[in-house]
Amino acid sequence: MTPAFWRGKRVFLTGHTGFKGSWLSLWLQQLGAEVHGFALAPATTPSLFELADVARGMTSTLGDIRDLPALTAAMQAARPDIVIHMAAQALVRLGYVDPVGTYETNVMGTVKLLEAVRQVPGIRAVVVVSSDKCYENNEWPWGYRENEPMGGFDPYSSSKGCTELVCSAWRRSFFSPAEQARHGVALASARAGNVIGGGDWAADRLVPDILRAIEAGQPVSIRNPGAIRPWQHVLEPLSGYLLLAEKLYDDGPRHAEGWNFGPADDDARPVSWIAERLTRQCDGSAGFQADDTTGQPHEAHFLMLDCAKARRTLGWHPRWTLSRALDQIAQWHNAYRLGSDMRSVTLQQIQAYQDSVPEL
């Protein structure tokens, strides 16, 4: 990722009020980009968006990506060079509760985003953020590559597989790399693993659940202590999205496809390992306990990504090990408990990441 590239670039970012979107908004602001966000109001209280005063350095528009006229109007007003689509229903368990809303947001929201792109001249790069759960998960002990079949057991995972199919269809039908000289748009999708970091208060996600339990002085209840996931600090995939957007902008036809951004294999750890480590680092004394999962919705046991393509072709590498990521989360959370300026704390962590070199 080249910091100088982003100075003055007009970026249209959907989902900017969410956890990942707030981190990316602040990073883009720090890089000197002109950031225009479009999203629903923050879904949690507290939220990183409000605590870090993310709206201060950008144009923030509240709206629903399922509303094509409003989305198109906001994009036309922004006149972006680059579009990064992160707005989504991002929770597996909520997908079971509201499958219709999950598909409407993740699938038709992406359709409408890409249709808005077709109506706005001057856009050169589009990154649609998907998920590692887009793949048909066979519980293999090796990572999924970008050419593996799309799938998904549950509504959320399936909706992300559908998102990838939408991107493929729009790329072949309207944004063909072979015809970029005519339409001007390079479209790629980005698939990341389980993202963790300071400022996440979503329900039914491991790290927020751990931190809430610590605050309450209660043992952490975890559903599947043996489940293995590709954990990574939120800044890791965000750096991949930014690098991919640069490559699309400068040389779109070579990079307009799907990309994985995940941690090293050693950082695919069981849920119990994360719970034990983070509980210790945040001074939690009550430990954790396994929930009875009888009758609970299905969740994958093992899932990893093969990121060799991004490393070889884009030159992208993870910079922080999982241990370093947990250190950063503990520091962020402790600063929050002390009443620190969380915009400054978050920007400091972004700068520390940007200044670091791969630890792997």
Side-chain angles (χ1 to χ4, degrees), residues 13-27 37-58 60-66 85-98 101-102 104-106 109 129 131 133 155-156 159-160 192 194-218 220-223 229 231-235 237-238 274-275 278 282 284 297 299 325-326 328-347 349-350:
L13 173 62
T14 70
H16 70 289
T17 61
F19 163 59
K20 288 175 70 176
S22 293
W23 277 93
L24 185 55
S25 295
L26 287 175
W27 198 348
F38 186 90
L40 297 174
T44 64
T45 301
S47 71
L48 177 59
F49 182 76
E50 293 172 338
L51 279 175
D53 196 12
V54 174
R56 186 203 310 173
M58 65 185 296
S60 174
T61 301
L62 296 183
D64 192 323
I65 58 168
R66 295 171 294 185
H85 176 44
M86 296 179 65
Q89 193 296 93
L91 301 173
V92 171
R93 288 169 71 86
L94 183 55
Y96 283 105
V97 175
D98 183 17
T102 297
E104 286 178 342
T105 300
N106 294 352
V129 175
S131 167
K133 296 174 182 64
Y156 167 77
S159 76
K160 287 301 186 177
N194 282 47
V195 173
I196 56 177
D200 186 4
W201 279 278
D204 290 321
R205 271 215 289 252
L206 179 63
V207 169
D209 287 348
I210 292 172
L211 297 177
R212 277 189 287 264
I214 291 171
E215 288 288 334
Q218 298 174 349
V220 180
S221 294
I222 55 178
R223 293 187 299 274
R229 298 286 186 273
W231 310 99
Q232 57 189 153
H233 192 276
V234 61
L235 292 174
L238 295 186
I274 301 290
L278 191 56
C282 291
E299 294 185 72
L326 294 176
Q328 295 296 309
I329 294 170
Q331 290 174 22
W332 195 100
H333 187 67
N334 290 333
Y336 166 68
R337 290 196 294 181
L338 292 172
S340 302
D341 179 344
M342 297 316 297
R343 182 182 177 91
S344 295
V345 170
T346 307
L347 287 170
Q349 290 200 346
I350 291 171

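Throughout, residue positions are numbered sequentially from 1 according to the sequence presented.
- If you take CZ on R205 and CD1 on I196, they are separated by 11.0 Å, rounding to the nearest 0.5 Å.
- A donor-acceptor pair shorter than 3.5 Å cannot be found between the side chains of W201 and S47.
- Q349 CD to Q331 CD: the interatomic distance, rounded to the nearest 0.5 Å, is 6.5 Å.
- For the pair S340 (side chain) and Y336 (backbone), a donor-acceptor distance under 3.5 Å is absent.
- Side-chain atoms of T17 come within 3.5 Å of backbone N or O of L40 as a donor-acceptor pair.
- To the nearest 0.5 Å, atoms CG (L51) and CG (D341) are separated by 10.0 Å.
- For the pair K20 and V129, the minimum side-chain heavy-atom distance is below 4.5 Å.
- Atom CH2 of W27 sits about 5.5 Å away from atom CG of L235, to the nearest 0.5 Å.
- Nearest heavy atom pair, residue V54 against residue S22, reads CG2-CB, 4.0 Å.
- Residue T346 comes nearest to M342 through the heavy atom pair OG1-O, 2.6 Å, listed as atom of the first residue, atom of the second, then distance.
- Nearest approach of I210 to A275, heavy atoms of both residues: CD1-CA, 3.6 Å.
- The main-chain N or O of F38 is found under 3.5 Å from a side-chain atom of H16 such that the two form a donor-acceptor pair.
- Not a single donor-acceptor pair under 3.5 Å links the side chain of N106 to the backbone N or O of K160.
- Counting all heavy atoms, side chain and backbone alike, G197 lies closest to H233 at CA-NE2, 4.1 Å.
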